[in-house]
Amino acid sequence: SLVSYNYPKYFKFSITILKEKYNLQFNNNDIKAIIGEYDAPEAQKQGLLQYNFIDDGNTAIYSSEGAESEQLLNSIIYSTITSYNPEYINFYIIDYGSQALSKFRGAPSVGDVVTLGEDEKYNNLFKLLKDELKTRKKLFKLTPKKEKAYKDLLQFLTDYGFYIED
């Protein structure tokens, strides 16, 4: 269950406040992650900033070394795994950076977190993803477009520099 995993307290606090403030309801067919709250003083407006995995698709986040991109990924992952049922969404994380995303290992929606030096796990993950792509290609041919016969798989890769050097 979503409740049984011990999530970091600082994420519980900010994400929970935003969920309550904006009275968010989540739909397993429209996966959105809470990023934070924006402030547009010139328009005298504040609002919820979200990332929509379905509409926005593949995304690259670039930043210099530091905690900002890591904080963003933490927020995206935490808000998503605490808002959606693991039956509908799974994360696979390759953390070649600070390995801070390892804290999500064992969460119900996280298949695994692979860190630097775990070559066998890395190879197994890519084999699993290739096999999943083959399976989904077959499902897409057999399943009407209005029906969804698969769960969403989200992959995160941090510190791409280490990845391309291998």
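Owing to the predicted nature of the structure, the values given are computational and were not obtained by experimental measurement.
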Nearest 0.5 Å, please: how far is [atom2] in [Y] from [atom1] in [X]?
X: L49; Y: E37; atom1: CG; atom2: CD; answer: 10.0 Å
X: R136; Y: L129; atom1: CZ; atom2: CG; answer: 9.5 Å
X: E70; Y: S75; atom1: CD; atom2: OG; answer: 11.0 Å
X: I76; Y: I35; atom1: CD1; atom2: CD1; answer: 4.5 Å
X: L101; Y: I77; atom1: CG; atom2: CD1; answer: 4.5 Å
X: I34; Y: T80; atom1: CD1; atom2: OG1; answer: 8.5 Å

Can you name the closest pair of heavy atoms from [X] and [Y] and give their distance?
X: Y38; Y: K45; value: OH-CE, 3.2 Å
X: Q50; Y: L24; value: NE2-CD1, 4.3 Å
X: L116; Y: Y96; value: N-CD2, 3.5 Å
X: I81; Y: A107; value: CD1-CB, 3.8 Å
X: N28; Y: Y84; value: OD1-CD2, 3.4 Å

When you measure from the side chain of [X] to the backbone of [Y], do you find a donor-acceptor pair of N or O atoms at a distance under 3.5 Å?
X: E118; Y: T115; value: yes
X: R105; Y: D112; value: no
X: T59; Y: G57; value: yes
X: N90; Y: G111; value: no

K32-S83 side chain donor-acceptor pair, cut-off 3.5 Å: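 Side-chain D/A pair, K32 to S83: absent.
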
N52 and D30 side chains, donor-acceptor separation under 3.5 Å: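 Per modelled atom types, D30 and N52 side chains form a pair under 3.5 Å.
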
Step-by-step side chain to side chain contact (heavy atoms under 4.5 Å, CB included) determination, N123 to K127: CA-CA 6 Å; N123 292 332; K127 182 184 180 321; over 6 Å; no

Lys/Arg-Asp/Glu bridge criterion (N-O < 4.0 Å) met for K138, E132: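 So K138 does not pair with E132 through a salt bridge.
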
Ring centers of F91, F104 separated by less than 6.0 Å: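 Centroid distance F91-F104: not below 6.0 Å, so no.
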
Side chain to side chain donor-acceptor pair (under 3.5 Å) assessment of K19 paired with T82: CA-CA 11 Å; K19 284 180 182 179; T82 57; 3.2 Å; yes

Whether Y122 and F126 hold their rings parallel, tilted or perpendicular, with breakpoints at 30° and 60°: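 Correct class here is tilted.
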
Step-by-step side chain to side chain contact (heavy atoms under 4.5 Å, CB included) determination, L125 to I94: CA-CA 9 Å; L125 172 60; I94 301 172; 3.8 Å; yes

Shared hydrophobic cluster for L139 and L133 (ILVMFWY, side-chain gaps under 4.5 Å):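 Not linked; separate clusters.
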
